[in-house]
There are 2 protein chains.
Amino acid sequence: MKKYLEILLQCPLFSEIAPENLTVMLTCLGARIEHFDKKYTILAEGNPAKYIGIVLTGSAQMIRVDYYGNRSLLAEIEPTQLFGEAFACAEVSSVPVTIVATEPCDVMLVECDHVLHTCTNHCTFHQQLIFNLMKALAAQNLQFHQKLEITSKRTTREKLMTYLDRQAQKHKSAEFEIPFDRQELADYLEVDRSGLSAEISKLRREGILDCEKNRFILL
Amino acid sequence: MKKYLEILLQCPLFSEIAPENLTVMLTCLGARIEHFDKKYTILAEGNPAKYIGIVLTGSAQMIRVDYYGNRSLLAEIEPTQLFGEAFACAEVSSVPVTIVATEPCDVMLVECDHVLHTCTNHCTFHQQLIFNLMKALAAQNLQFHQKLEITSKRTTREKLMTYLDRQAQKHKSAEFEIPFDRQELADYLEVDRSGLSAEISKLRREGILDCEKNRFILL
DNA sequence: TCAATTCCGTTGAAAATTCAACATACTTTA
DNA sequence: TAAAGTATGTTGAATTTTCAACGGAATTGA
């Protein structure tokens with residue numbers, strides 16, 4: 001556990017928590033760390049929504065695969081970010097999404113009950129944790145707004161350009177790398193991969209953008 | 001203010017708040033009530049995100065209209081429900097959506113700062129309010145998951161059927177009313193209105209559903 | 001290093017969506 | 001009550017997406 005304290009202190013869930021209090025707190029929360037190799041499922045759809053997850057190293061994705069096998073990518077999850085907290089806090093019986101490791105991952109799982117309900121010892125901490133959770137949920141809400149803004153566009157071109165504009169804003173540069181390969185980008189934009197490739201080629205020919213692999217330049 | 005206490009006590013934001021404490025609390029929060037006629041804008045895109053809104057009577061919608069005038073309907077907001085809380089809590093500078101009244105509305109606005117930051121008098125209340133806000137944000141998160149599940153489908157038929165299935169589940173009945181007219185339903189599903197009408201007719205002819213106005217029956 | 005696998009761009013045909021226009025029924029309001 | 005306005009369904013053409021299939025490039029792993 002020790003080696004992750006650095007990362008945990010940067011996690012939004014532990015914002016404003018004093019380093020010296022973190023260790024004892026983690027045991028109180030029933031925290032445990034698990035490792036997942038690339039492509040492994042960290043949390044499968046249908047499982048009980050009891051845990052809040054924190055990605056410590058590597059990276060993961062929140063995905064949903066429907067009845068017909070259509071895969072939709074809901075969010076990229078990077079170190080220090082949370083997952084599963086919305087379902088645990090809303091007390092749904094089971095999670096409606098799947099979390100998969102896209103790189104070898106170390107993940108911390110804490111029991112949501114222990115976060116929300118004050119225990120005998122650490123009452124003051126819980127208040128801060130709930131506040132932090134609230135902030136994290138609000139931030140995730142914004143992420144979904146952004147995703148909805150993108151996917152509400154009707155054409156592949158508009159979805160792609162809206163996504164790339166937002167990425168450029170985020171990186172404060174017209175040149176940036178995205179965390180997706182082509183199939184993942186298509187799954188995030190909710191479009192067909194081959195159609196997306198065709199559209200990217202077209203935008204290149206038109207001199208609107210350039211790209212190599214997952215590195216894009218808006219011209 | 002008095003006449004709304006009943007409704008306010010059922011609002012998720014004031015869950016577990018004792019009735020006798022509510023009135024004094026409202027003044028402490030800088031609460032004020034405003035009325036909006038049908039079709040009026042309650043909160044316009046671009047405005048500062050300082051307030052948490054509560055719909056007391058009537059109904060409202062969260063919408064976004066893009067550059068080209070495409071209208072997208074993000075959520076229906078009914079009495080006791082909140083709006084704007086995600087943006088206020090995430091401390092974004094301005095709201096990226098518009099809230100409009102679909103029926104004559106009474107709306108309460110409270111200053112988010114006053115909710116989040118403990119004042120001199122009512123510290124114990126604030127903790128409960130933050131907890132309630134956290135719950136509300138988690139619930140709204142789920143709503144967006146549901147909307148994303150629907151709009152991630154690739155065809156109008158699949159989007160419509162997924163939406164109607166969820167409504168049937170919600171009402172625990174194959175027969176139910178939806179809160180949208182055809183244009184609004186199209187805006188929620190992110191599809192063309194005329195295409196939606198055509199698809200509904202087709203599903204009727206195939207004996208899969210029946211409907212009259214906004215009342216649907218799944219067969 | 002070599003073989004196997006994955007990733008990516010291209011293509012053409014089929015399917016679906018969008019768009020504009022119009023007719024009818026319904027609602028609102030003067 | 002009549003007129004104006006709104007909501008809904010229908011249609012056909014144009015646009016766009018999806019789907020399946022393929023080949024070459026890049027990556028992985030034995």
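A, B, ... follow the sequence lines: proteins, then strands. Residue 1 opens every chain.
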Inset, instruction - Go through the N and O atoms of the side chain of A:Arg193 and the base of C:dG9, and report whether any donor-acceptor pair is under 3.5 Å. - result: yes
Legend entry - B:Arg154 vs C:dA16: side-chain N/O to OP1/OP2 distance below 4.0 Å: no
Legend entry - Rounded interatomic separation in angstrom, taking CZ from B:Arg182 and C1' from D:dG9: 9 Å
Inset, instruction - Would you mind telling me which of D:dT18, C:dG9, C:dT11 lies closest to the side-chain atoms of A:Ser201? - result: C:dG9
Inset, instruction - Would you mind classifying the nucleic acid contact of A:Lys202 as base, sugar-phosphate or nothing, using non-hydrogen atoms under 4.0 angstrom? - result: nothing
Legend entry - Distance test, side-chain N/O of A:Thr156 to OP1/OP2 of D:dT17, below 4.0 Å: yes
Inset, instruction - Would you mind reading off the distance between A:Asp181 atom CG and C:dT6 atom C1', rounded to a whole angstrom? - result: 10 Å
Inset, instruction - Could you check how far CE of B:Met161 sits from C1' of C:dA16, rounded to whole Å? - result: 18 Å
Legend entry - Distance, rounded to the nearest Å, where B:Glu212 contributes CD and D:dT8 contributes P: 12 Å
Inset, instruction - Could you say whether B:Arg205 or A:Glu199 is positioned toward the 5' end of DNA chain D, judged by the nucleotide with the nearest heavy atom to each? - result: B:Arg205
Inset, instruction - For B:Thr155, report the nucleic acid contact type (base, sugar-phosphate, nothing); a contact means any heavy atom under 4.0 Å. - result: sugar-phosphate
Legend entry - Atom-to-atom span, CG of B:Asn70 to P of C:dT17 - whole angstrom: 16 Å
Legend entry - Phosphate OP1/OP2 of C:dT17 contacted by B:Lys153 side-chain N/O (<4.0 Å): no
Inset, instruction - Using a cut-off of 6.0 Å, state whether more than 12 heavy atoms not belonging to A:Glu6 lie near its atom CD. - result: no
Legend entry - NZ/NE/NH1/NH2 to OD/OE distance under 4.0 Å, B:Glu190 and B:Lys147: yes
Inset, instruction - Look at B:Arg32 together with B:Glu34 and state whether they make a salt bridge at an N to O cut-off of under 4.0 Å. - result: yes
Legend entry - Whichever of B:Cys211 and A:Lys159 has its nearest DNA chain D nucleotide further upstream toward 5': B:Cys211
Inset, instruction - Compare the minimum distances between each of D:dG9, C:dT18, D:dT11 and the side chain of B:Asp192, then state the nucleotide with the smallest one. - result: C:dT18
Legend entry - Polar pair under 3.5 Å, donor/acceptor by atom type, side chain B:Ser194, base C:dC19: yes
Inset, instruction - With A:Asp210 as reference, evaluate A:Arg205, A:Arg204, A:Arg215 under the salt bridge (charged side-chain N to carboxylate O under 4.0 Å, His left out) test and give the passing residue. - result: A:Arg204
Legend entry - Lys/Arg cation over aromatic B:Tyr68: A:Arg154, 6.0 Å, 45° cone: no
Inset, instruction - For B:Lys213 and D:dT6, give me the distance from atom NZ to atom P, rounded to whole Å. - result: 17 Å
Legend entry - Atom-to-atom span, CZ of A:Arg215 to C1' of C:dC8 - whole angstrom: 19 Å
Legend entry - Rounded distance (Å) that lies between atom P of C:dT27 and atom CG of B:Asn214: 12 Å
